[in-house]
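In what follows, a structure is listed as structure tokens, so that the remarks can point back to it.
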Amino acid sequence: MKREWNVTDGMGNMHHITYKAGGFGGAKYIIDNDTYKCKSKNWFVMLADVQISMPGADCNLVVVGNSVRLAVNGTYLDDGTPYEPVRNLPGWVNVMITICGIAGFLGAKFVGLILSVFVDMFSIKFCLKGKNGAAIGLFVGFLVLIVVWIIVQFLFLI
């Protein structure tokens, strides 16, 4: 995936900003032919908020998963909404993602693992929006579902 923007700074100079999603080299952003690595703040999802300073223009390149946006002077270029810094995911989310993946695989094999991936995706979205209670509810609901599935399997196998 590649996104490109042209930004004019306070001096009237045009700057070309490009974001390229990672392959083997990782994600990177290019400012006027200068290439920089874009490092994620999370293990499971691409989460980056890069400050780009230009004379008279403060830019923020915001990457959340597959969504890439550029904010110039506090306003996103794509829809004109005000810029908000990206929240870091709490550490407990990574622990719960791991627990759900292991429990899903042990409880229901590959179907449980696939369901845990969907639970993880939605819980990450909830946490990024600041809805931690919904993410916890989703994790607990999934774990209860896996426990019920294990009990049903145990009762019908005997």
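Note: hydrogens, waters and symmetry copies are ignored here, and every other heavy atom, side chains too, is used. All residue numbers refer to positions in the sequence shown, counting from 1.
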Worksheet item: About how many Å separate CZ of Phe118 and CE of Met121, when rounded to the nearest 0.5 Å?
Response: 5.0 Å
Response to the item:
Note: Ile146 and Ala108 closest approach over all heavy atoms is CD1-CB, 4.5 Å
Fill in: Under 3.5 Å: donor-acceptor pair, side chain of Thr75, backbone of Thr81
no
Discussion item. Using the rule that Ile, Leu, Val, Met, Phe, Trp and Tyr join whenever any side-chain heavy atoms are under 4.5 Å apart, tell me whether Val95 and Val144 fall into a single cluster.
Written reply: yes
Item to complete: Verify the neighbour count for atom CG of Asn33: are there more than 12 heavy atoms of other residues, nucleotides or ligands below 6.0 Å?
Response: no
Fill in: Co-membership, hydrophobic cluster, residues Val63 and Ile31, 4.5 Å side-chain
yes
Worksheet item: Is any side-chain heavy atom of Phe126 closer than 4.5 Å to a side-chain heavy atom of Asn132?
Response: no
Discussion item. I'd like to know if the side chain of Ser123 reaches the main chain of Asp120, judged simply by a donor and an acceptor atom lying under 3.5 Å from each other, with no hydrogens or angles considered.
Written reply: yes
Discussion item. Please report the interatomic distance NZ(Lys125) to CG(Leu138), rounded to the nearest 0.5 Å.
Written reply: 12.0 Å
Discussion item. Are Val68 and Val62 packed together at the side-chain level, in the sense that at least one heavy-atom pair is separated by less than 4.5 angstrom?
Written reply: no
Worksheet item: Does a side-chain heavy-atom distance below 4.5 Å link Asn60 with Val50?
Response: no
Worksheet item: With distance as the sole criterion, is a donor-acceptor pair present between the side chains of His16 and Asn6 under 3.5 Å?
Response: yes
Practice prompt. Look at atom CD of Glu84 and say whether more than 12 heavy atoms of other residues, nucleotides or ligands are closer to it than 6.0 Å.
Written response: no
Discussion item. I'd like to know whether Met46 forms a side chain to side chain contact (heavy atoms under 4.5 Å, CB included) with Cys38, so could you lay out the CA-CA distance, the side-chain angles of the two residues, the decisive distance to 0.1 Å, and finally the verdict.
Written reply: CA-CA 9 Å; Met46 181 60 173; Cys38 189; 3.7 Å; yes
Worksheet, complete the sentence: The reported gap from CG in Leu145 to CD1 in Ile150 (rounded to nearest 0.5 angstrom) is 10.0 Å
Discussion item. Is the positively charged end of Arg3 above the ring of Tyr19, judged by distance under 6.0 angstrom from the centroid and angle within 45° of the axis?
Written reply: no
Fill in: Flag side-chain contact, heavy atom, 4.5 Å: Ile97 against Phe139
yes
Worksheet item: Any chance CE of Met14 has more than 12 other-residue heavy atoms, nucleotides or ligands included, within less than 6.0 Å?
Response: yes
Discussion item. I'd like to check Ile52 versus Leu61 (side-chain heavy atoms, cut-off strictly below 4.5 Å). Are they in contact?
Written reply: yes
Practice prompt. Kindly work out whether a path of hydrophobic side-chain contacts (I/L/V/M/F/W/Y, heavy atoms less than 4.5 Å apart) joins Ile102 to Trp149.
Written response: no
Worksheet item: Is there a path from Val72 to Met11 through hydrophobic residues (I, L, V, M, F, W, Y) whose side chains come within less than 4.5 Å of each other?
Response: no
Worksheet item: Where is the tightest heavy-atom contact between Trp92 and Ala135, given as atom of each residue plus distance?
Response: CH2-CB, 4.2 Å
Worksheet, complete the sentence: So CE of Met96 and SG of Cys127: to nearest 0.5 Å the spacing works out to 10.5 Å
Discussion item. Hydrophobic clusters here meaning ILVMFWY residues chained together by side-chain heavy-atom distances under 4.5 Å, can you tell me if Ile17 and Tyr83 are in one?
Written reply: no
Fill in: Cationic N near anionic O, under 4.0 Å, Lys41 to Asp49
no
Worksheet, complete the sentence: NZ of Lys28 to OG1 of Thr18, rounded to nearest 0.5 Å, is 10.5 Å
Worksheet item: Can you tell if the side chain of Leu47 reaches within under 4.5 Å of the side chain of Val86, non-hydrogen atoms only?
Response: yes
Worksheet item: If you draw a 6.0 Å radius around CH2 in Trp5, do more than 12 non-hydrogen atoms from other residues or ligands fall strictly inside?
Response: yes
Response to the item:
When rounded to the nearest 0.5 Å, the distance separating CD1 of Ile151 from CG of Leu155 is 7.5 Å
Item to complete: Work out which heavy atom in Cys100 is nearest to a heavy atom in Leu143; give both atom names and the distance.
Response: SG-CD2, 4.2 Å
